[in-house]
Visitor: 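After the structure tokens below, expect a handful of questions from me.
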Amino acid sequence: MPLFDYAAQAGSAIKAFAEASSDLLIQPTLRLGVTGLARSGKTVFTTALVHHLVEGHALPAFEPAQAGRLRRARLVPQPDDDVPRFPFEENFSALTEARRWPGSTDRISQLRLAIEYERSGGWRTGPGTLMLDVVDYPGEWLLDLALLDQSYVAWSRATILGTRRAGRSTIAAPWLEAMAGLDPAAPLDEVVAERAANAFKAYLSALRAGAESVATTPPGRFLMPGDLAGSPMLTFAPLDRLEEVQVPGSLGALMERRFEAYKAKVVEPFFREHFQRVDRQIVLVDVLSAVDAGPAALAELEEALDAVLLAFRVGRNSLLTRFFAPRADRILFAATKADHLHQSSHDRLDALLRLLVARAMRRTEAAGARVGTVALASVRATRETTVHDGGEVLRAVSGTPEAGETIGDDTFDGLAEAAIFPGELPTDVQSVLDGAIPPGAFRFPRFRPPLARPDAIGRPGHLPQIRLDRAMQFLIGDKLT
């Protein structure tokens with residue numbers, strides 16, 4: 001094992017011991033990681049979770065709330081001063097006042113909630129408090145974790161091989177043409193390296209804009225550099241015709257050095273400081289976009305989810321593992337945007353998600369962790385209705401499509417409501433993976449957030465949800481007993 005790995009594990013163990021000592025002996029704390037691939041709804045999920053806990057809205061499937069044991073939840077200062085605060089208030093205002101979806105996550109952020117509750121009985125009675133740390137991770141960085149076990153040569157070959165997938169040849173052509181004239185053994189040249197990196201970034205941007213945007217090709221920071229913009233660590237690219245060992249002073253050696261620096265300075269700290277510390281994890285997945293894009297996108301989504309789960313430390317926590325090797329003991333996969341389908345297809349959406357993560361679920365459960373799936377809408381933007389098509393009555397959804405959204409010859413203005421038949425998932429969801437639904441067969445316009453009406457007792461700004469309460473029960477319900 002490399003010396004770095006020993007040092008990293010030692011540092012993580014010391015930090016985990018300090019945190020666990022405080023958590024177990026002074027204040028119970030649960031660290032919840034919110035992750036997902038691009039446009040899966042992480043920001044909306046975190047905002048809705050905090051909203052419902054703080055406002056105390058009715059949550060039938062969340063046992064502490066349903067039983068009346070949830071006294072109150074409030075935001076308190078977060079524990080990590082070097083992590084930005086999640087902009088809950090700004091996001092909530094966007095949803096309820098402007099009726100627009102918050103921007104995508106572009107950095108790690110965090111909130112701490114103090115949840116006060118009445119214990120359910122047993123040997124512990126009376127009031128209790130759980131500190132819930134919610135950590136929102138940029139989904140665009142998730143697949144970087146797969147780089148930790150790859151060499152530069154292996155990554156280059158795998159990335160180039162990926163251009164041969166269905167639908168990628170046209171997107172990849174400009175980058176492949178630019179790469180074709182590069183000799184890895186040629187003397188290093190900063191200008192050549194920058195041009196190669198820019199051509200590769202253009203390829204990644206084109207992938208993100210295409211049908212397979214549900215899954216991304218690493219490095220994730222290339223498209224979301226933040227304070228690393230212009231850094232040499234973000235100025236590398238795959239090369240063709242690589243030897244196993246690069247010639248010193250060559251272009252290939254320069255690219256390899258920067259690839260390894262990216263892993264050491266960006267990916268490994270991200271994994272060590274954040275991923276490795278979570279107790280519970282929710283992985284949000286935009287399954288419907290993959291369904292609408294076709295079997296190739298679904299296959300890539302399945303592969304991406306499997307790669308992501310390989311990076312998580314999972315299993316049952318004992319007292320010693322809690323101190324020295326903390327691991328996620330529950331992971332929930334959530335298919336988002338369930339409100340885009342009639343409820344008659346929700347169970348099928350859940351079943352399709354279970355097929356996509358079947359391999360990862362078996363491996364995770366074998367390690368001792370509990371794994372669940374759910375089809376949810378953190379904020380429900382539609383309501384169910386029916387439409388008549390000739391003599392047929394179709395199960396539909398009704399909402400306000402965003403301005404500029406189109407279905408057939410209709411273009412929406414962002415003000416008028418519309419009843420839309422999105423399509424139905426087949427009973428045999430395996431057939432979806434086998435290509436039963438052609439690309440573009442569904443109608444999934446982007447709906448505006450709903451009007452935030454008062455709840456049953458008059459509290460303003462209530463955001464309806466679908467099975468968010470069930471997700472909350474799986475993730476934190478047992479810690480509030």
Side-chain angles (χ1 to χ4, degrees), residues 39-41 43-45 47-48 52 57 60-61 94-96 98-102 214 284-294 297-298 334-353 373-427 429 432 436-453 455 462-471:
R39 288 178 280 192
S40 58
T43 302
V44 175
F45 173 86
T47 302
H52 284 286
H57 290 299
L95 287 167
T96 58
R99 288 188 67 195
R100 61 173 176 81
W101 301 106
V214 291
L284 301 164
V285 188
D286 186 0
V287 177
L288 292 180
S289 290
V291 170
D292 201 40
L298 281 166
T336 58
K337 305 176 185 177
D339 57 334
H340 284 48
L341 292 173
H342 190 274
Q343 65 173 345
S344 58
S345 283
H346 289 183
D347 287 346
R348 300 170 192 178
L349 179 59
D350 190 354
L352 179 57
L353 175 61
T373 61
V374 66
L376 59 75
S378 304
V379 173
R380 181 175 186 168
T382 68
R383 62 182 186 276
E384 292 171 351
T385 186
T386 57
V387 296
H388 295 268
D389 183 14
E392 188 177 4
V393 178
L394 302 176
R395 296 168 175 170
V397 295
S398 178
T400 306
E402 292 190 348
E405 289 291 295
T406 61
I407 294 182
D409 296 330
D410 295 325
T411 300
F412 298 97
D413 61 6
L415 300 174
E417 286 198 357
I420 296 167
F421 173 64
E424 293 181 334
L425 291 174
T427 304
V429 292
V432 180
I437 300 176
F442 278 87
R443 294 179 172 183
F444 293 137
R446 185 175 171 87
F447 292 97
R448 293 184 65 189
L451 285 171
R453 296 183 172 89
D455 67 4
H462 175 57
L463 293 173
Q465 50 85 19
I466 298 175
R467 300 185 192 89
L468 175 65
D469 51 350
R470 188 180 300 179

Visitor: What pair of heavy atoms forms the shortest contact from S378 to L468, and how long is it?
Guide: O-CD2, 4.1 Å
Visitor: So do the side chains of K337 and D286 get within less than 4.5 Å of each other, counting heavy atoms only?
Guide: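 Yes, their side chains come closer than 4.5 Å.
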Visitor: Examine distances only and state if a side-chain atom of T382 and a backbone atom of D339 form a donor-acceptor pair shorter than 3.5 Å.
Guide: yes
Visitor: By side-chain contact (heavy atoms from CB on, under 4.5 Å), which residues pair with T385, not counting sequence neighbours?
Guide: A396, S398, A419
Visitor: Which residues pass the side-chain contact (heavy atoms from CB on, under 4.5 Å) test with P426, not counting sequence neighbours?
Guide: S431, V432, I437
Visitor: Going from CG on L451 to OG1 on T400, what distance comes out if it is rounded to the nearest 0.5 angstrom?
Guide: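 That separation rounds to 7.0 Å.
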Visitor: Do T47 side-chain atoms and T43 backbone N/O form a donor-acceptor pair below 3.5 Å?
Guide: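 Judged by distance alone, yes, a pair lies under 3.5 Å.
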Visitor: Kindly compute the distance separating CZ (R380) from CD1 (I466), expressed to the nearest 0.5 Å.
Guide: 4.0 Å
Visitor: Counting only heavy atoms not in R99, do more than 12 fall under 6.0 Å of its CZ?
Guide: yes
Visitor: With distance as the sole test, does R446 use its side chain to make a donor-acceptor pair with the main-chain N or O of E402 at under 3.5 Å?
Guide: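 Between the backbone of E402 and the side chain of R446 there is no qualifying donor-acceptor contact (under 3.5 Å).
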Visitor: Quick check: does any side chain N or O of D389 sit under 3.5 Å from a backbone N or O of E392, one acting as donor and the other as acceptor?
Guide: no
Visitor: Taking atom types as modelled, is there a side-chain donor on D350 or T373 under 3.5 Å from an acceptor on the other?
Guide: yes
Visitor: Which pair of non-hydrogen atoms, one from A297 and one from A290, has the smallest distance, and what is that distance?
Guide: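 For A297 versus A290, the nearest heavy atoms are CB-O, 3.9 Å.
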Visitor: Minimum heavy-atom separation for L341 to S345, with atom names?
Guide: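 Taking L341 first and S345 second, the nearest heavy atoms are CD1-CB, 4.0 Å.
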Visitor: Is it the case that the side chain of H342 and the backbone of G423 share a donor-acceptor pair, with hydrogens and angles ignored and the cut-off at 3.5 Å?
Guide: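 No, because the side chain of H342 does not come within donor-acceptor range (under 3.5 Å) of the backbone of G423.
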Visitor: Quick check: does any side chain N or O of E384 sit under 3.5 Å from a backbone N or O of Q343, one acting as donor and the other as acceptor?
Guide: yes
Visitor: Taking the side chain from R448 and the backbone from A98, do they hold a donor-acceptor pair closer than 3.5 Å?
Guide: yes
Visitor: Would you name the heavy atoms of R348 and V429 that are closest together and state the gap between them?
Guide: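 It is O-CG1, 3.3 Å.
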Visitor: For the atom pair CD1 (I407) and CZ (F444), what is the distance rounded to the nearest 0.5 Å?
Guide: 10.5 Å
Visitor: Does the ring center of H340 lie less than 6.0 Å from the ring center of F447?
Guide: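 Ring centroids of H340 and F447 are less than 6.0 Å from each other.
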Visitor: Under a 4.5 Å cut-off applied to non-hydrogen side-chain atoms, are T386 and F421 in contact?
Guide: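 SC-SC contact between T386 and F421 ruled out.
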Visitor: Can a side-chain donor-acceptor contact be found between R467 and H346 if the only test is distance below 3.5 angstrom?
Guide: yes
Visitor: Scan residues 403-427 for pairs that pass salt bridge (charged side-chain N to carboxylate O under 4.0 Å, His left out), counting only residues two or more places apart or in two chains.
Guide: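 Sorted pair list: R383-E417.
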Visitor: Quick one: does P102's side chain get under 4.5 Å of V44's, heavy atoms only?
Guide: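 They are in contact (side-chain heavy atoms under 4.5 Å apart), so the answer is yes.
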Visitor: Taking all non-hydrogen atoms of both residues, which atom of L284 and which atom of T336 are closest, and how far apart?
Guide: CD2-CG2, 3.8 Å
Visitor: If I compare all heavy atoms of P450 with all of A381, which pair ends up nearest, and what's the gap?
Guide: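 Smallest interatomic distance, heavy atoms only, reads CD-CA, 4.0 Å.
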Visitor: So which of V291, L288, D347 actually passes side-chain contact (heavy atoms from CB on, under 4.5 Å) with L352?
Guide: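 With L352 as partner, side-chain contact (heavy atoms from CB on, under 4.5 Å) holds for just one option, V291.
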